Amino acid sequence: MTRDVWVFLFLSLLSFLISRHSIIIAVAVAVPTSITSSPYSSQRPSPASECDALLQFSQSFTISRDASAYYCDDRLLANTSYPKTASWKNGTNCCSWDGVTCHMSKDYVIGLDLSCSWLQGALHSNNTLFSLQNLQRLNLAGSEFSGSVPPTLGNLDRLSSLYLSGINLSGTVDFDMFARLKNLEELYLARNLNVMLPNDGNCSFPRLKDLSLYGVNLTEFPYFLSSSRELESLDLSGNKISGPIPEWFGRVWSNTLTNLDLYSNNFTGEIPSSICQLSSLRGLFLFDNRLNGTIPRCLGNLSNLSGLSLYSNNFTGEIPSSICQLSSLSGLSFSDNRLNGTIPRCLGNLSNLFDLDLSYNQLQGPLPRSLANCTILWYLSVRYNEIYDTFPHWLLNATQALKSLYLESNMFHGVINEIPLPPQLEYLSLSSNQFSGQLPIVFFRNSNVEFVDLANNNFDGPLPIPPPTVWFYSVANNKFSRDIPHQLCNATQLDIVNLSNNSLTGSIPHCFINLRASVLDLRANKLVGHIPDIFFSGNDLRTIRLSQNRLEGTLPRSLVNCKNLEVLDLSENELEGRFPYWLDTLPNLQVLDLRSNKLHGLINSSGKNNHPFPKLHIFDLSDNSFYGHLPAKYIANFIAMKDKARSASQYMWVNHTQATYQDSITVVMKGFAIELVRILSVFTTIDLSRNFFEGDIPELIGDLKLLKGLNISHNNLTGRIPFSVGNLTNLEWLDLSSNKLNGEIPRGLADLTMLSWLNLSDNHLEGLIPQGRQFDTFNHPFDWNPRLCGYPLPKACGIVEQQLPPSTSPKDGEEKAQFEHWIEWWVVAMGYGCGISFGISSGYIMLEARRPKWLVRKVERWLVRMVERKRRKKTTRSKKNAARRNHARRSTGG
């Protein structure tokens, strides 16, 4: 009995163990072996289906390198763009494909990195990409997708990292689509998008650590972030957020936030003191806003801060000395504010400082000598302040790292001593100061400087010779003299050469043919000789300014090789020859100024171009000796003076990656010579004055609807003022004076509302002056036109002047006759005396100067004939007198 009980209990236990073991085996069979068990096994698709989805995704786009050029190739990024999907092949395991990451069991895709992969095309909502339900990381940055952000993106609710920067999608993005992504730790959206923030408080991201919403047109601060207490980096830059910076920053992220980018917005007010509680902060970038007040002293408590940029705001007051407590600080920029006082000496304590920018303020005093302690200082800019000091030799001697030194627009003064520039210095700007004297010969010895700007000082002596490494060289507005040294031609990397407004002599070196410059500015010197034939085919010249010199001869034909030329200014020289018609083939020429030379002849086109001067908008041939009819063919083809689509905000300049050259020109505007230091591309003017043009003004002048100034005064033009001038609705000044124009003034001229200056004087115009608001404001524009009448002239129209009736008194008539007779002889005597005096003086000057030769020769012949005639008369008279005396003697003797 007892034995049977024990057997029963044993068999029951054995049955239980066997049944439990079967369950464990069944479970073990059901669950695949994996190093890390998956929490998503309930939604696991087959590997083959995911690979097919990825292939269909890649085939929905084209491959184009341009798609990633802006975001990837044109940026200083570590990654290099290449087509990752080009290596994907059907029939292979997609977990091995470039950019694809699978779970460690290799059963499903958890990561897809196709950044900078040249993808181009439309990203639709039904794209197979959105079927990858287990995707945790998605990076499509640097692609060129069209359309808007697909709302199905919000279905990938297991995403922890999403990068959509630089993908070119547009349209409005409702931020609620990301509300389901509660696992998000990193979110990057950028450019072209219009992000609409949620109105309620249901949107929260408790795990969010890194958020970048750069340039997505935000207009308000995303206050839902107050629930993201683990946030480490926040970038809201490049938006339109206005109002003050929130105070709760310091309370929520005091121990987590390491980087804060709020630059390029419309934030106002002062920097909140709560920011000083962000003890982990390493980067604070608030530049390009409208913040004001003083710079908080408590910023000195951010002991981990390495980058501080507050430029382009409205901060006032002094630079707080507490900044000197930031021992980790490597970059500091307070430029473009209204800071005053002196530069704190304690900045020299920042031994890790390599970038210091205090430019565009009102700082005074000298540069603190303590900056010599910043031995790794790489960039220093104090330009546009009121610093009064001498050249900082001590700084160049102390640091071996300084590459950029910008001191322009201050009050630095004195002579630069005999010290060469250090070899590591690449950028040197000393312009617009009060430096004087000669630069030392050794100044550029062993130098590798690339950028040299010495303009607007009082340097004198010979021109300093830059090293061959230089690409920007400006010494404009100094007192340099002597010839241009030929060694300058060794700098074959020169791109911008500006030697203007000095006293340089000699001729333009022929070795300039070796330069590949885009700007050659030699204006306002004392250069002589011919313009050398140095403009080879394929040159890069965009601006040539040789005006205000003493250059002579004809223009070199090689100028026709300057296909990129935009500005050609040869005015105020002694150039001769005919109009260089072959220039009308230059496709990019916008400014042609040949004013005040000795050019002559007809203005004819080359005939090789149906659209001569297609981009010209400043055409100045004034003060020469051109004759014939006005150049109607050119006027008819000035396309740039007709096109309404041209932008009014575009200035002409030559732009380089590190510097610019601002184009300028001198024009006669409203009767005065004015230098335009900047040229708008829509500034259109024609000046053909002070020549010998004749004939009618062409009617097609009215087609130049963008014309702002027209001056064809002091010529021999005849005929009527064309009615088409009434079409010049943008015209601001018009000068037709000193011609032989006749007929009435067109009514349309009085209706030009933009016209602010007019001169029609000294012509043969007639009739009633049309009335208009503008005409009432002009100062004597109608003088010396005897047949004009009406306001503002005192002569009224339709009134014939009556003569006075004759006097009835005989006595009065007799007295009047005697008086008039006396007046007639007095005028004759006075004119005769003046004529004799003028004739004797002119004759004396002419004979002494022996000019003109033909008249001198003619006068000399006449004098010789007169002397011979008098001699013959005298001889004849002597002979007659002798004969008479002989006859008398004979008679007496007989």
Side-chain angles (χ1 to χ4, degrees), residues 450-452 463 465-476 484-500 504 506-523 525 527 529-547 549 551 553-571 573 575 577 579-594 606 608-609 612-618 640 652-665 679 681:
E450 299 176 4
F451 177 99
V452 177
L463 198 65
I465 301 170
T469 53
V470 70
W471 57 263
F472 181 98
Y473 186 58
S474 176
V475 296
I484 299 175
H486 289 267
Q487 294 90 329
L488 185 62
C489 302
N490 295 332
T492 55
Q493 302 299 317
L494 267 174
D495 183 49
I496 296 176
V497 185
N498 189 352
L499 313 182
S500 63
L504 299 174
S507 59
I508 300 174
H510 195 274
C511 65
F512 272 13
I513 196 172
N514 298 325
L515 303 182
R516 299 195 63 88
S518 58
V519 173
L520 180 61
D521 190 346
L522 308 179
R523 74 183 187 278
N525 279 285
L527 300 175
H530 291 65
I531 301 175
D533 212 1
I534 56 176
F535 308 103
F536 58 89
S537 180
N539 69 77
D540 298 321
L541 279 165
R542 295 176 60 183
T543 297
I544 300 176
R545 300 200 65 189
L546 308 179
S547 59
N549 280 286
L551 300 172
T554 58
L555 274 66
R557 284 277 187 138
S558 59
L559 282 169
V560 78
N561 295 322
C562 303
K563 301 300 182 183
N564 297 314
L565 194 63
E566 296 178 357
V567 177
L568 179 59
D569 182 4
L570 305 178
S571 61
N573 280 287
L575 298 172
F579 177 75
Y581 60 87
W582 31 269
L583 291 175
D584 65 19
T585 59
L586 296 180
N588 295 299
L589 191 64
Q590 300 183 43
V591 177
L592 177 60
D593 192 348
L594 303 178
S606 64
K608 297 180 180 180
N609 193 352
F613 296 123
K615 293 187 177 181
L616 199 68
H617 59 90
I618 295 180
M652 293 182 62
W653 59 7
V654 177
N655 195 11
H656 195 279
T657 54
Q658 298 291 333
T660 57
Y661 170 86
Q662 190 74 60
D663 282 314
S664 61
I665 197 72
I679 307 175
S681 59

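In this chain, residues are counted from 1 in sequence order. In this text the structure is predicted, and so the values were computed from the model without any measurement.
- Every residue two or more places apart in sequence or in another chain was checked for a side-chain hydrogen bond (donor to acceptor under 3.5 Å, both in side chains) with N525, and none qualifies.
- Judged as a side-chain contact (heavy atoms from CB on, under 4.5 Å), and not counting sequence neighbours, the contacts of Q487 are I465, P485, N490.
- In this structure the side chain of V470 reaches within 4.5 angstrom of the side chain of L494, judged on heavy atoms.
- Between D495 and S518, the side chains place a donor N or O and an acceptor N or O closer than 3.5 Å (distance only, hydrogens not considered).
- Taking the salt bridge (charged side-chain N to carboxylate O under 4.0 Å, His left out) definition, one finds that D533 meets it with nothing, sequence neighbours left out.
- Of all heavy-atom pairs spanning P467 and A491, the tightest one is O-CB, 3.9 Å.
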Derivation and outcome, side-chain contact (heavy atoms from CB on, under 4.5 Å), residues I534 and N539
CA-CA 10 Å; I534 56 176; N539 69 77; over 6 Å; no
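- Every side-chain hydrogen bond (donor to acceptor under 3.5 Å, both in side chains) that R523 has, sequence neighbours left out, goes to D521.
- Here the side chains of L488 and P466 are in contact, with some heavy-atom distance below 4.5 Å.
- Scored by the side-chain contact (heavy atoms from CB on, under 4.5 Å) test, P587 finds K563 as partners (sequence neighbours excluded).
- With sequence neighbours excluded, no residue forms a side-chain hydrogen bond (donor to acceptor under 3.5 Å, both in side chains) with N573.
- Minimum heavy-atom separation, P556 to W582: O-CH2, 3.3 Å.
- Judged as a side-chain hydrogen bond (donor to acceptor under 3.5 Å, both in side chains), and not counting sequence neighbours, T585 has no contacts.
- Remark: R516 engages D540 in a salt bridge (charged side-chain N to carboxylate O under 4.0 Å, His left out) (not counting sequence neighbours).
- The shortest non-hydrogen separation linking T554 to G577 is CG2-CA, 4.2 Å.
- Checking side-chain atoms of N561 against main-chain N and O of L559 turns up no donor-acceptor pair under 3.5 Å.
- Here the closest heavy-atom approach between residue L616 and residue L592 is recorded as CD1-N, 3.7 Å.
- Checked against salt bridge (charged side-chain N to carboxylate O under 4.0 Å, His left out), D569 has the following partners two or more places apart in sequence or in another chain: R545.
- Partners of F613 under the ring pair (Phe, Tyr, Trp, His ring centres under 6.0 Å) rule, at least two apart in sequence or in another chain, are Y634.
- Nearest heavy atoms, N549 versus L546: ND2-O, 3.1 Å.
- Side chains of L520 and L541 form a contact here, defined as non-hydrogen atoms less than 4.5 Å apart.
- If you take CD on Q590 and CD on E566, they are separated by 5.0 Å, rounding to the nearest 0.5 Å.
- In this structure, L568 and L589 have side chains that are in contact, with non-hydrogen atoms separated by less than 4.5 Å.
- With a 4.5 Å cut-off on side-chain heavy atoms, L570 and L551 do not count as touching.
- Checked against side-chain contact (heavy atoms from CB on, under 4.5 Å), A476 has the following partners two or more places apart in sequence or in another chain: A455, S474, N498, S500.
- In this structure, the separation between CG on L522 and CD1 on I544 is 9.5 Å, given to the nearest 0.5 Å.
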I'd like a table of donor-acceptor pairs (distance under 3.5 Å, sequence neighbours excluded) in which one partner is a side-chain atom from residues 507-515, with atom names and distances.
residue: N514; atom: ND2; partner: C511; partner atom: O; Å: 3.4

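- Contact of the L575 side chain with the L555 side chain is registered, since non-hydrogen atoms from C-beta on lie closer than 4.5 Å.
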